[in-house]
Number of protein chains: 2
Amino acid sequence: MRERANRTTIRRVAREAGVSVTTVSNYLNGRHSQMSAATRERVREAIERLGYHPNHVARSLATRRTATIGLIISELTNALYPPVILGAEAACRQAQYSLLLANAPDAGSERRAVELMRRKQVDGLILFSVSFIDIANDHLLRAHEEGVPIVVINRTMPEGAPIPRVVLDNFRGAYLATRHLVELGHRRIAHIAGPSNRFTGLDRRAGYLAALAEAGLESDPRLVVEGDYSFESGYQGMRTLLDHRPSAVFVGGDAMALGALRAIRDSGLRVPDDLSLVAFGNPDFVHYATPALTTVDLPIVEAGQIAVELLLERIAVPETPEETRVLQPGLLVRESAIPLA
Amino acid sequence: MRERANRTTIRRVAREAGVSVTTVSNYLNGRHSQMSAATRERVREAIERLGYHPNHVARSLATRRTATIGLIISELTNALYPPVILGAEAACRQAQYSLLLANAPDAGSERRAVELMRRKQVDGLILFSVSFIDIANDHLLRAHEEGVPIVVINRTMPEGAPIPRVVLDNFRGAYLATRHLVELGHRRIAHIAGPSNRFTGLDRRAGYLAALAEAGLESDPRLVVEGDYSFESGYQGMRTLLDHRPSAVFVGGDAMALGALRAIRDSGLRVPDDLSLVAFGNPDFVHYATPALTTVDLPIVEAGQIAVELLLERIAVPETPEETRVLQPGLLVRESAIPLA
DNA sequence: TAGGATATCTGTACCGGTTTAGTGAAACGG
DNA sequence: CCGTTTCACTAAACCGGTACAGATATCCTA
């Protein structure tokens, strides 16, 4: 390891092939047109013989492009992050980009992650954020201003912020879930809401209320409790709700739904016979529960993919205007919600 | 964007501070000792005034170190990969390294991923593999020979291969699970095994048999069925097993365990009252099932962390000898296995 | 046959850091 | 008082690519 292996660089290849480095560089970058067939073959052969592979770091320094994008994830209890990675990684790979991943559990580490990735010269940044409504954005706006393409997923931004976003239509999803229960004949429909300092919590609650209103159902405040997206808060919330005898419940989060399911079981009732339940979140997560939970299906893999696509557009054409992409959730009807007896 | 913003480089900082670039470089790299307090302060101030941040790509080119490691994951049905990422990312971040992530669903894409990351000059590579016993390793051995530090998690390697590995003791985990059932008084203990072209499947099956043998129980071949780690294969496997009336079943995978649970329910039996069940895999995944499944707990987050640690050791001291780190699983006793009535 | 086009290829300055070898002045030691 | 160290600092080569601005040779055209 000590002795310098006299690495094979583009200059060595050039010498071996008896051409200039420019010619080798042209060959590597597919500018075959201005090259005779003979030269092309000699370069190819020299590369082959030396087992040469170009150094991306050097290339990046010269071109100022790294073909790498940064994905910063603030996860905290977030079962949604693996599908986002999946979607983003697939889209990157397809476009011949690499993914630099960082976890940013708090505001400070998010700042550090953005800073580090900028120094590493990523071509763009994606932030998949936790849905707090009072999240800090100044570092993102600054980075944007200094020319770093950014896309955010699931994040509140000040009105008119010039940063493209991918958002999931939480309102609509909650509306669909609740309407489904209405259509099954339920009238006393409860809701376990997410925290009110999260826009996901607020939007889903609003969607729930809208569906009730549309159906001409009065909303009983005692039928809404607030959780924190944890299994335990779902369990506790459901225990509280059971006192007020709902016939169905829309739970605004997947872990909470499993908690609610458990609470219902523990009180001797059965889903869906005694009580219908609709969940919200990662559809895989609740698929294998018993009974399989009817759930709002968030297109999370797509969110990751689309975020990458939006970003790549901005990288290619920096002037591309800001844009908000709203992804529509679906409803996966499974076994946990049935018509009111 | 067109006009060149005359970026702030180390040379600009040097000019601004009235010192040489070497001095600025020394300052940046903490070689404060050979610098007068006055100079130090002038450099600090110039950096501050210009808002200078060093370019990591240029640094990497010069030092041949990128402070980045590559994590290549072959996932295919693998619910274990998010915790690995979690552990690896945390260990990286702590050591001031970044994580370059790639998905490699098949052998070809694994080769390409390794190649790409080598060109991007990662300081080392971690492969988290699917457990096929006949996996190709030549590209890893070659990379290793050419000086790229590599660590593999959960991968078979030829005897004596000089590549450090992190392995989970599947045999031991299966043994613990089965012994637990034996100790609860069960005698007809069935097993839903993983595929026999995966060492996880083979090792777990062996651990199961060993525990039976130790307890002096005869192993009835009809009480062992083979699945493919999917929910459906667990469901089908359990249906087959029910014909032979086991009092307990050890299921060698988490998704299969949920499938088995469903099959048991569907046939009108209850867990754990009529049949005890122990699962194996990602403990979170089966925690919220009803009943909460007793399961073998694989230390997957740790596997990611330790892989990074092993790798960083090799990066720091390339001659560090090969080493296999065997991680011991635990048994999480929850509700799905009870004493034989 | 001069003058331009075209095709093919090259020399070298960059990208923005690190690092080696070395300079000049002050401090030290006998 | 002179040679040696130490201290604080610098000039310039280097990492390994890209790309601009030509250089030649060949061909075409008027």
Side-chain angles (χ1 to χ4, degrees), chain A residues 4-44 46-47 50-68 116 118-123 147, chain B residues 4-44 46-47 50-68 116 118-123 147:
Chain A
R4 55 184 18 250
N6 213 359
R7 295 139 192 291
T8 99
T9 72
I10 199 173
R11 281 164 235 266
R12 245 161 79 84
V13 173
R15 202 171 337 119
E16 186 82 7
V19 300
S20 75
V21 295
T22 305
T23 299
V24 179
S25 176
N26 283 337
Y27 175 86
L28 291 171
N29 292 83
R31 286 183 280 273
H32 296 241
S33 60
Q34 46 216 12
M35 219 179 296
S36 74
T39 309
R40 198 153 55 228
E41 174 57 19
R42 293 175 63 202
V43 172
R44 196 202 57 67
I47 286 175
L50 296 175
Y52 169 74
H53 293 300
N55 180 327
H56 263 66
V57 173
R59 175 176 295 177
S60 294
L61 179 58
T63 60
R64 302 158 178 286
R65 304 189 324 102
T66 51
T68 301
L116 177 62
R118 291 189 60 184
R119 293 181 187 204
K120 291 215 170 178
Q121 310 288 117
V122 296
D123 294 341
Chain B
R4 57 183 18 250
N6 213 359
R7 297 141 191 290
T8 99
T9 70
I10 199 172
R11 282 164 236 266
R12 247 162 78 83
V13 173
R15 201 169 338 117
E16 186 82 8
V19 300
S20 74
V21 295
T22 307
T23 299
V24 179
S25 176
N26 282 337
Y27 175 86
L28 291 171
N29 292 85
R31 285 184 280 273
H32 295 242
S33 58
Q34 47 218 10
M35 218 177 296
S36 74
T39 308
R40 198 153 56 226
E41 174 56 20
R42 293 174 62 201
V43 173
R44 195 200 60 67
I47 287 176
L50 295 175
Y52 168 75
H53 294 300
N55 180 327
H56 263 65
V57 173
R59 175 176 295 179
S60 294
L61 179 58
T63 59
R64 303 157 178 287
R65 304 190 322 104
T66 51
T68 300
L116 178 62
R118 290 188 59 183
R119 291 180 188 207
K120 292 214 169 178
Q121 310 289 117
V122 296
D123 294 341

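Contact between A/Leu61 and B/Val57 at its shortest, heavy atoms only, is N-CG1, 3.6 Å. Closest approach of B/Leu28 and B/Arg59 over heavy atoms only: CB-NH2, 4.5 Å. Across all non-hydrogen atoms, the minimal contact from B/Thr8 to B/Leu50 is CG2-O, 3.9 Å. Counting all heavy atoms, side chain and backbone alike, A/Glu16 lies closest to A/Ala46 at CG-CB, 3.9 Å. Contact between B/Gln121 and B/Thr66 at its shortest, heavy atoms only, is O-OG1, 2.9 Å. The heavy-atom pair separating B/Thr9 from B/Tyr52 by the smallest distance is C-CE1, 3.6 Å.
Separating the CG atom of B/Leu61 from the C1' atom of C/dT19 is a distance of 13 Å, rounded to the nearest angstrom. Rounded to whole Å, the distance from CD1 on A/Ile47 to C1' on D/dG17 is 13 Å. The distance from atom CZ of B/Arg7 to atom C1' of C/dG16 is 11 Å, rounded to the nearest whole Å. Distance A/Lys120 NZ to C/dG17 P: 15 Å, rounded to the nearest Å. Here D/dC15 presents its P atom at 13 Å from CZ of A/Arg12, a figure rounded to the nearest Å. Rounded to an integer number of Å, the gap from B/His53 NE2 to C/dG17 C1' is 16 Å. Whole-Å rounding puts the A/Asn29 CG to D/dG16 C1' distance at 13 Å. The distance from atom CD1 of A/Ile10 to atom C1' of C/dT10 is 13 Å, rounded to the nearest whole Å.
B/Arg65 comes within 4.0 angstrom of nothing in the nucleic acid, heavy atoms only. As judged by a 4.0 angstrom heavy-atom cut-off over every strand, B/Tyr52 is placed among residues touching the sugar-phosphate backbone only.
Below the 3.5 angstrom threshold, one finds a donor paired with an acceptor across the side chain of A/Arg11 and the base of D/dG17.
The side chain of A/Arg64 places an N or O atom within less than 4.0 Å of a non-bridging phosphate oxygen (OP1 or OP2) of C/dG16. Contact annotation: B/Asn55 side-chain N/O to C/dC15 OP1/OP2 distance is not under 4.0 Å. Under 4.0 angstrom from either OP1 or OP2 of D/dT18 there lies at least one side-chain N or O belonging to A/Arg59.
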Could you go through nucleotides 22-26 of chain D and list every protein N or O atom that sits under 3.5 Å from one of its N or O atoms, giving the distance for each pair?
none

Is there any protein nitrogen or oxygen under 3.5 Å from a nitrogen or oxygen in nucleotides 6-11 of chain D, and what are the pairs?
unit_1, atom_1, unit_2, atom_2, d
D/dC9, OP1, B/Ser36, OG, 3.2
D/dC9, OP1, B/Thr39, OG1, 2.1
D/dC9, OP2, B/Ser36, N, 2.8
D/dC9, OP2, B/Thr39, OG1, 3.2
D/dT10, OP2, B/Ser20, N, 2.7
D/dT10, OP2, B/Ser20, OG, 3.0
D/dT10, OP2, B/Thr23, OG1, 2.7
D/dA11, N6, B/Thr22, OG1, 2.6

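Overall, the helix from C/dT1-D/dA30 to C/dG30-D/dC1 carries an axis bend of 50° between its ends, with five pairs at each end and the value rounded to 10°.
Among residue pairs with one or both ends in residues 25-41 of chain B, those qualifying as salt bridge (Lys or Arg N to Asp or Glu O under 4.0 Å) are B/Glu41-B/Arg44; sequence neighbours excluded.
With sequence neighbours left out, B/Ala62 forms a side chain to side chain contact (heavy atoms under 4.5 Å, CB included) with no residue at all. For A/Leu116, the side chain to side chain contact (heavy atoms under 4.5 Å, CB included) partners two or more places apart in sequence, or in a different chain, are A/Lys120, B/His56, B/Ser98.
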Applying side chain to side chain contact (heavy atoms under 4.5 Å, CB included), run through B/Tyr27 and B/Val19 and close with a yes or a no.
CA-CA 11 Å; B/Tyr27 175 86; B/Val19 300; over 6 Å; no
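Distance CG/A/Asn29 to OG1/A/Thr63: 9.0 Å, rounded to 0.5 Å.
For B/Thr23 and B/Ser20, the side-chain atoms include at least one donor-acceptor pair closer than 3.5 Å.
Distance from the side chain of A/Ser25 is smallest to D/dT18 among D/dT18, C/dT18, D/dG16.
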